[in-house]
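What you see below is based on every heavy atom in this structure, not just the backbone, and it leaves out hydrogens, waters and symmetry mates. None of the values given here were measured: they were computed from a predicted structure.
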Amino acid sequence: MSLASSAVRAGNSDGRADWSTVERHGELLGPQETNTDVVPRTTRLAKFHVPEIVFGPGSLAELGHCTQRLGSRRPFLVTDPGLIEAGWTDEAVGHLRRVGLRPVVWSGLTPNPKDHEVQAAFERYAESGCDVIVGVGGGSVIDAAKGVAILSGNGGHILDYAGVDQVVQPIPPTVMVPSTSGTGADVSQFAIVTDTTQHIKISIVSRTLVPDISVIDPRLLTTMPEWLNAATGLDALTHAIEAFVSRAHNPLTDNHALYAVKLITGNLVRTQVQPKNVTARLAMAQAALEAGMAFTNAILGATHAMSHQVGGLLDAPHGVVNGVLLPHVIRFNAEAWPERFVALGAAAGLPTAGVPPREVAGQLADLVRALADDLGVPKSLASLGVAGDDVPVLARTTLKDACMATNPRDVGLRDVEQLFREAL
């Protein structure tokens, strides 16, 4: 059973769990009889799956050793034109060659990786005789690299693997080097791919997709354009908030989510103003990591489910769409479980003592919107190109997204339509 499926099954419908079969009257039970007919309901089991992590300025120099340790001789390096232009691909290739490896570089990728791009990358991988797959870039690059790994081990077409636990065969080893501070793809069990026929994004969720090694060098963040810095930072904030209120949250994910909120709200704008500031960049690199470790184990919610559909329709920046939608979803979810937002508000620096939970949630939603304003993110979906006529289709496909399973409040078609219309 994967992290995703076990996480979804671990919580009750209200997001809380029942320990009645493993404890009684405040004490843990000892050995119990078991048989094949009755399985104890240990519903508060928590799995926490992350890669080996190499973190810090200059850590890209470890890429060759990391890749070699996974048995590589001919790594397949997935990147994009922007990373090549910035010089990071050349440095990565140099570190790989320094330890005797013979990398093959593929960069035929656009933002929001498309199904046909993943197919083209896999065909190049297959004909090149490569082994370990290395991704150097943002979420699009890393998701495409994961797509290559899926097809290498499982065959078929990348869209065949939409949903949870559809990747059943082992995949080649993977090493990821993120160049943005937000997607969390370098530590997650997610891959997001655009279906260019249906104009939607599909979510592929499988524990096999958690990379073997993540090399996080904050130097790579300094060449992001401002819009991408803003978008990925808001994406990380959304990861943290949605993971904390997820039905599948647990004590192992909560602390990571809360610390990510603290780091992002305190440093994201600073990275826009001072792109090479060491303190701020380190904080955002760690924030993206913390949020990534939280959401890959607790999963997400309605904001991401909705955002995936808008991104598939318009090829819009994912984090920007999150920044528009998140305040609306916070207010919606707080109607069902406002208490859960108090700790998030405190992590973001809001006064919470004596403040009603629903009011804290409302203030948190306002804070997110104010942060998006400071970063220059549009206020509405309409400004991104979404029309009222798009809402019915967007709402229907949203309900099929894997992220909806762990949203803290039950969501129906009319709810999603209303949320989209509020965000227009």
query = What residue pairs, at least two apart or across chains, pass salt bridge (Lys or Arg N to Asp or Glu O under 4.0 Å) with a residue in residues 273-292?
reply = none

query = Who pairs with His308 by ring pair (Phe, Tyr, Trp, His ring centres under 6.0 Å), at least two apart in sequence or on another chain?
reply = His304, His318

query = Does Ala46 offer a backbone N or O that forms a donor-acceptor pair with the side chain of Asn250 under 3.5 Å?
reply = no

message = So, taking the atom named CG in Leu300 and the one named OG1 in Thr406, what distance separates them when rounded to the nearest 0.5 Å?
response = 6.5 Å

query = Do the non-hydrogen side-chain atoms of Pro51 and Val187 ever get within less than 4.5 Å of each other?
reply = yes

task = Taking all non-hydrogen atoms of both residues into account, name the closest pair between Val321 and Ala316 and its distance.
result = CG2-CB, 3.9 Å

key: Minimum side-chain heavy-atom gap Pro172-Tyr125 below 4.5 Å   = yes

key: Residue pair Pro392 / Leu413, side-chain heavy-atom distance below 4.5 Å   = no

inquiry  = Can a side-chain donor-acceptor contact be found between Asn112 and Thr194 if the only test is distance below 3.5 angstrom?
reply    = no

What donor-acceptor contacts under 3.5 angstrom involve side-chain atoms of residues 417-424, with partners at least two apart or in another chain?
residue: Gln418; atom: NE2; partner: Glu422; partner atom: OE2; Å: 3.4

ask   = Could you give the distance from OG1 (Thr183) to CD1 (Ile192), rounded to the nearest 0.5 Å?
value = 10.0 Å

Test side-chain contact (heavy atoms from CB on, under 4.5 Å) applied to Gln166 and Asn154, step by step = CA-CA 10 Å; Gln166 300 305 305; Asn154 294 263; over 6 Å; no

key: Sub-4.5 Å side-chain heavy-atom contact between Val134 and Thr174   = no

ask   = Looking at Val54, Leu60, Val141, which one forms a side-chain contact (heavy atoms from CB on, under 4.5 Å) with Val177?
value = Leu60

request  = Enter the distance from Met404:CE to Thr398:OG1 here, rounded to the nearest 0.5 Å.
outcome  = 6.5 Å

inquiry  = Quiz question: by atom type and distance under 3.5 Å, do the side chains of Trp88 and Thr223 form a donor-acceptor pair?
reply    = yes

message = With a 3.5 Å distance limit and no angle check, can you tell me whether Thr253 reaches the backbone of His249 through a side-chain donor-acceptor pair?
response = no

inquiry  = Measuring only between side-chain heavy atoms, which start at C-beta, is Val368 closer than 4.5 Å to Ile241?
reply    = yes

ask   = Between Asp217 (side chain) and Gly58 (backbone), is there a donor-acceptor pair under 3.5 Å?
value = yes

key: His49 and Asn297: CA distance, side-chain angles, deciding distance, side-chain contact (heavy atoms from CB on, under 4.5 Å) verdict   = CA-CA 7 Å; His49 190 182; Asn297 290 286; 4.1 Å; yes

Side chain to side chain donor-acceptor pair (under 3.5 Å) assessment of Thr89 paired with Thr79 = CA-CA 7 Å; Thr89 304; Thr79 189; 3.1 Å; yes

ask   = Strictly by modelled atom types, are Thr196 and Asp115 linked by a side-chain donor-acceptor pair under 3.5 Å?
value = yes

ask   = Between atom CG of Leu381 and atom CE of Met306, what is the distance when rounded to the nearest 0.5 Å?
value = 7.0 Å

key: Residue pair Ser72 / Pro173, side-chain heavy-atom distance below 4.5 Å   = no

inquiry  = Whether the side chain of Asp390 engages the backbone of Ala387 through a donor-acceptor N/O pair (distance < 3.5 Å, no angle test) should be reported.
reply    = yes

task = Measure the shortest side-chain to side-chain distance between Leu375 and Val269 over non-hydrogen atoms and say whether it is less than 4.5 angstrom.
result = yes

task = Please step through side chain to side chain donor-acceptor pair (under 3.5 Å) for the pair Lys146 and Ser206, ending with a clear verdict.
result = CA-CA 11 Å; Lys146 290 180 179 180; Ser206 170; over 6 Å; no

inquiry  = Quick test of your reading: applying salt bridge (Lys or Arg N to Asp or Glu O under 4.0 Å), list the pairs with at least one residue in residues 304-316, sequence neighbours left out, ordered by first then second residue.
reply    = Lys114-Asp315

task = Check for a donor-acceptor pair, side chain of Ser181 on one end and backbone N or O of Ala288 on the other, with a separation under 3.5 Å.
result = no

ask   = Can you name the nearest heavy-atom pair linking Asp165 to Val168, along with the distance?
value = O-CG1, 3.9 Å

ask   = Are Arg409 and Phe332 in a cation-pi contact, defined as NZ or CZ under 6.0 Å from the six-membered ring centre and within 45° of the axis?
value = yes

key: Working for side-chain contact (heavy atoms from CB on, under 4.5 Å), residues Asn229 and Leu268   = CA-CA 8 Å; Asn229 186 59; Leu268 178 53; 4.1 Å; yes

query = Got a donor-acceptor contact below 3.5 angstrom from the Ser59 side chain to the Phe55 backbone?
reply = no

query = Does the Gln363 side chain pair with the main chain of Leu350, one donor and one acceptor, at a distance under 3.5 Å?
reply = no

request  = Any chance you could measure Leu364, atom CG, to Ile330, atom CD1, to the nearest 0.5 Å?
outcome  = 4.0 Å

query = Short question: side chain of Tyr259, backbone of Ala291 - any donor-acceptor pair under 3.5 Å?
reply = no

key: Residue pairs passing the salt bridge (Lys or Arg N to Asp or Glu O under 4.0 Å) test where at least one lies in residues 363-381, sequence neighbours excluded   = Arg331-Asp366, Arg369-Asp373, Asp373-Lys379

ask   = Roughly how far apart are Asp143 CG and Glu117 CD, rounded to 0.5 Å?
value = 12.0 Å

Crowding at CD, Glu85 (>12 non-hydrogen neighbours, <6.0 Å) = no

ask   = Does Ala305 offer a backbone N or O that forms a donor-acceptor pair with the side chain of Gln309 under 3.5 Å?
value = yes

request  = Quick one: which residue pairs count as a ring pair (Phe, Tyr, Trp, His ring centres under 6.0 Å) with a foot in residues 169-193, not counting sequence neighbours?
outcome  = Phe190-Phe295

inquiry  = Test your reading of the model: is there a side-chain donor-acceptor pair from Asn407 to the backbone of Ala302, 3.5 Å cut-off?
reply    = yes

ask   = Do Pro378 and Val320 come close enough that some side-chain heavy atom pair is under 4.5 Å?
value = yes

